[in-house]
Amino acid sequence: MPPSSSPARPPSAPTPFGHALAGLLDVLLPANCAGCGAERTQLCPVCRHALADVRPGPTLLPWAHAAAPYTDPVRQLLLAHKERGALRLAGPLGEALGRAVRSALGAQVGAAPLLLVPMPSARAAVRARGHDPTLRLAGAAARSLRRAGLDARAAPLLRHARPVADQTGLNAVERRRNLHGALTVLPRARRGLAGRQPVLVDDLVTTGASLAEAARALADAGLPARAAATVAATAVQPVE
């Protein structure tokens, strides 16, 4: 028989069940450290200390703080959680994000209940990864803040209002132009959130264009962000 004219099917995307199974296998058969490759542990003591020992500070956006620079091992830990389904890393990464939230708010950290608003992931990216890494980190950060005695919750308020081009390779001005008007707040997602101070959260800030667009969308919806926090930050030129 001649070969079929239909194209070959791509490999199946990861599923939530697949990630849950991977997490179970990690407990039973731990992988190497996602940060440095040390054997038989997903996060070795050295990399855990590196993630916890960095003092959060301002990024190139004065109102946004990051827990660590985007260098190894933090870079490898973020990539493992985001792209390779290392879901158990959400806990320590979320703790780092929680520290960045407290640093960004400063003396205002306990002034009102906190609302962590994660940067939205594209639906196609969530389907491909089998999970929403930023939403997962926001939830982990909220739990970390609650353990510290703060009233905090995470809510995915933001959605893409239109398609955007891949940001890879774009400079700060091109990213700003690409993202302008790209995000919106879903009205139904705001129910029961009155009185909370919104804080934008993400895994990584580069130029700050994404956070600036998210802040615009929240402000237009009457929910101005008090600050922004990320796990890591790169050293690049800010949006003008």
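Note that the structure is predicted; figures quoted are calculated from it, not measured.
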Any chance you could measure [X], atom [atom1], to [Y], atom [atom2], to the nearest 0.5 Å?
X: L193; Y: L157; atom1: CG; atom2: CG; value: 6.0 Å
X: L137; Y: L116; atom1: CG; atom2: CG; value: 11.0 Å
X: L200; Y: S210; atom1: CG; atom2: OG; value: 10.5 Å
X: T184; Y: R159; atom1: OG1; atom2: CZ; value: 10.5 Å
X: E39; Y: N32; atom1: CD; atom2: CG; value: 5.5 Å
X: L89; Y: L43; atom1: CG; atom2: CG; value: 6.0 Å

Search all heavy atoms of [X] against all heavy atoms of [Y] and return the closest pair with its distance.
X: S103; Y: G57; value: OG-N, 4.2 Å
X: P198; Y: V117; value: CB-CG2, 4.3 Å
X: G195; Y: A112; value: O-CB, 3.8 Å
X: L211; Y: W63; value: O-CH2, 3.8 Å
X: A104; Y: A228; value: CB-O, 3.5 Å
X: A229; Y: L97; value: O-CD1, 3.5 Å

Tell me if a side-chain donor or acceptor on [X] pairs with a main-chain N or O of [Y] at a distance below 3.5 Å.
X: Q197; Y: R226; value: no
X: H131; Y: H81; value: yes
X: Q76; Y: C36; value: no

Derivation of the side-chain contact (heavy atoms from CB on, under 4.5 Å) call for R75 and T71: CA-CA 5 Å; R75 176 178 177 274; T71 56; 5.8 Å; no
Would you sort out whether L158 and L218 count as a side-chain contact (heavy atoms from CB on, under 4.5 Å), showing the intermediate values? CA-CA 8 Å; L158 295 166; L218 287 177; 4.2 Å; yes
Quick one: list whatever passes side chain to side chain contact (heavy atoms under 4.5 Å, CB included) with R147, sequence neighbours left out. E95, R143, S144
Which residues pass the side chain to side chain contact (heavy atoms under 4.5 Å, CB included) test with T59, not counting sequence neighbours? L61, A64, A66, V205, A233
Does [X] reach the side chain of [Y], with side-chain heavy atoms less than 4.5 Å apart?
X: D203; Y: T230; result: no
X: K82; Y: R136; result: no
X: L150; Y: V101; result: no
X: R153; Y: L114; result: no
X: Y70; Y: L78; result: yes
X: P120; Y: L183; result: yes

Evaluate D132 against S121 for side-chain hydrogen bond (donor to acceptor under 3.5 Å, both in side chains), listing each step before the verdict. CA-CA 7 Å; D132 187 331; S121 299; 3.1 Å; yes
Please evaluate residues L79 and L77 with respect to the criterion side-chain contact (heavy atoms from CB on, under 4.5 Å), reporting the C-alpha separation (whole Å), side-chain torsions for both, the decisive distance (0.1 Å), and the verdict. CA-CA 5 Å; L79 289 174; L77 295 173; over 6 Å; no
Please, which pairs that meet salt bridge (Lys or Arg N to Asp or Glu O under 4.0 Å) have at least one residue in residues 101-120, sequence neighbours excluded? none
Just jot down the ring-ring contact (aromatic ring centres under 6.0 Å, His included) partners of H65, sequence neighbours excluded, or say none. none
Sequence neighbours excluded, the answer for salt bridge (Lys or Arg N to Asp or Glu O under 4.0 Å) partners of R196 is D151
For D202, give me all partners under salt bridge (Lys or Arg N to Asp or Glu O under 4.0 Å), at least two apart in sequence or on another chain. none
Could you state whether V199 and L135 fall into the same hydrophobic cluster, counting links through intermediate Ile, Leu, Val, Met, Phe, Trp or Tyr residues with side-chain heavy atoms under 4.5 angstrom apart? no
Mark yes when over 12 heavy atoms from residues, nucleotides or ligands other than R146 sit less than 6.0 Å from its CZ; otherwise mark no. yes
Greater than 12 external heavy atoms within 6.0 Å of H180's NE2: no
